[in-house]
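Treat the numbers as computed from the prediction; the structure is a model and nothing was measured.
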Amino acid sequence: MKTSQYSIITMLLTFFLMTSCKEVRKSIDETLHPVAQKKQKPADDKTSSSSSVSFSSSTVFSSTSEEYAKSIFESAAALDSIQLALYNMPHLKGKKLFFMAGFYFYDYRGGMISVDLQDPDKPENVDTYTYSNGAWEIQKPVKMTGMQHFPLEMLLMPLDEVKFSTAKKVYDIAVEKSKTIEGAEPIQFVYFSQIKAVHVKEWYVMIQGARRNYRITFDVNGNLRGEK
């Protein structure tokens, strides 16, 4: 009788863990694969206000068409400067930063970066930060829906263990790979994903081809792993 009860409990725990991992993967997939949208033009009304807080990096992107035509993957040094600007935001400066799930680079109109950071002063909170037009902004709080089965610590990784400049290396390799794929569309996104619960820590790029799509994966240092 005890053996039967133990088997039932084991089966239930296994089912629970599998379900939880699927929820985590689904939530992270939704976070890392946004629908590309153009940013709205700011209002002309000088009295209008915004809830976001911005902080410029030492790399300045003007609003001219010439600057918008530049790729965010053009310079590894510029990407490192952008990462440093995030560390230097007044409320983050000098503090250990952790990101949740992953982050992405979007190569549109000078580029955009989005990352979910744990609040170093309120560790139970996570906020989305985005970089565009030469500045970082705190966009919105992150709802932890679907993550309740795991402690927040299981979903976090130190930001200093990943270099933004590696995104250029990943992008360059993926571009060369896309040249061998029939009907490959231009690469706009580079992703970094990490999930401790399922032992995932990687860069990847999705290449949309005429006959099939490819997922090219890389290790943390940007070295090619393989494709699916």
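Comment: R225 engages E202 in a salt bridge, judged by a side-chain N to carboxylate O separation of less than 4.0 angstrom. Taking a cutoff of 4.0 Å between a charged side-chain nitrogen and a carboxylate oxygen, E227 and K177 qualify as a salt bridge.
Pairing each heavy atom of V175 with each of I187, the nearest pair is N-CD1, 3.7 Å. Taking every heavy atom of both residues into account, A174 and I207 meet most closely at O-CD1, 3.8 Å. Contact record, G209 with I181: CA-CG2, 4.0 Å, taken as the closest heavy-atom pair. Closest of all the heavy-atom pairs between I72 and G110 is CB-O, 3.8 Å. Heavy atoms only, all atoms of each residue included: A76 and S165 are closest at O-CB, 3.4 Å. Between V170 and G222 the shortest heavy-atom distance is CG2-CA, 4.0 Å.
The CG atom of L86 sits 9.0 Å away from atom CD1 of I113, with the distance rounded to the nearest 0.5 Å. Here N125 contributes atom CG and K122 contributes atom NZ; the two are 6.5 Å apart, rounded to the nearest 0.5 Å. Here M157 contributes atom CE and L159 contributes atom CG; the two are 9.0 Å apart, rounded to the nearest 0.5 Å. The CG atom of N88 lies 12.5 Å from the CH2 atom of W136; values are rounded to the nearest 0.5 Å. To the nearest 0.5 angstrom, D219 atom CG is 9.0 Å from L224 atom CG. Separation of atoms CZ (F218) and CG (N223) is listed at 9.5 Å; rounding is to 0.5 Å.
Residues F192 and T166 fail the side-chain proximity criterion, which asks for heavy atoms closer than 4.5 Å. Side-chain contact between V220 and K201: present, with at least one pair of heavy atoms (C-beta onward) separated by less than 4.5 Å. Residues D119 and V126 are not in side-chain contact: their nearest non-hydrogen atoms beyond the backbone lie 4.5 Å or more apart. For the pair I173/Y171, no side-chain contact is recorded, criterion being any heavy-atom separation below 4.5 Å from C-beta on. In this structure, the side chains of Q118 and L152 come closer than 4.5 Å at one or more pairs of heavy atoms. You'll find the side chain of H91 reaches within 4.5 Å of the side chain of I138, heavy atoms only. Residues D116 and D127 form no side-chain contact, since every pair of their non-hydrogen atoms from C-beta on lies 4.5 Å or further apart. The shortest side-chain heavy-atom distance between M112 and Y131 does not fall under the 4.5 Å cut-off.
Remark: R212 engages no residue in a salt bridge (charged side-chain N to carboxylate O under 4.0 Å, His left out) (not counting sequence neighbours).
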Discussion item. Please determine whether side chain to side chain contact (heavy atoms under 4.5 Å, CB included) holds for the pair D160 and L97, giving the CA-CA distance in whole Å, both sets of side-chain angles, and the decisive distance to 0.1 Å.
Written reply: CA-CA 8 Å; D160 59 13; L97 302 183; over 6 Å; no
Fill in: Steps toward side-chain hydrogen bond (donor to acceptor under 3.5 Å, both in side chains) verdict (N221, K163)
CA-CA 8 Å; N221 297 316; K163 298 179 68 174; over 6 Å; no
Worksheet entry | Trace of the side chain to side chain contact (heavy atoms under 4.5 Å, CB included) decision for V200 with Q194 | CA-CA 5 Å; V200 171; Q194 68 84 23; 5.8 Å; no
Fill in: Q188 and D107: CA distance, side-chain angles, deciding distance, side-chain hydrogen bond (donor to acceptor under 3.5 Å, both in side chains) verdict
CA-CA 5 Å; Q188 289 187 304; D107 197 21; over 6 Å; no
Practice prompt. Please assess W203 against V190 for the test side chain to side chain contact (heavy atoms under 4.5 Å, CB included), listing each intermediate value before the final yes or no.
Written response: CA-CA 7 Å; W203 290 91; V190 170; 3.7 Å; yes
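Between F73 and F105, the two ring planes are tilted [angle within 30° to 60°].
Shown here is K96, whose NZ atom has more than 12 heavy atoms of other residues, nucleotides or ligands within 6.0 Å. Heavy atoms of other residues, nucleotides or ligands lying less than 6.0 angstrom from NZ of K95 number more than 12.
In terms of hydrophobic clustering, with Ile, Leu, Val, Met, Phe, Trp and Tyr side chains grouped at heavy-atom distances under 4.5 Å, Y87 and I82 are assigned to a common cluster.
Looking at Q83, its side chain does come within 3.5 Å of a backbone N or O of F164 through a donor-acceptor pair. No donor-acceptor distance shorter than 3.5 angstrom exists from the side chain of K228 to the backbone of Y214, with no hydrogens or angles considered.
A centroid separation of 6.0 Å or more is found between the aromatic rings of F103 and Y129. With ring centers used as reference points, Y191 lies under 6.0 Å from F189.
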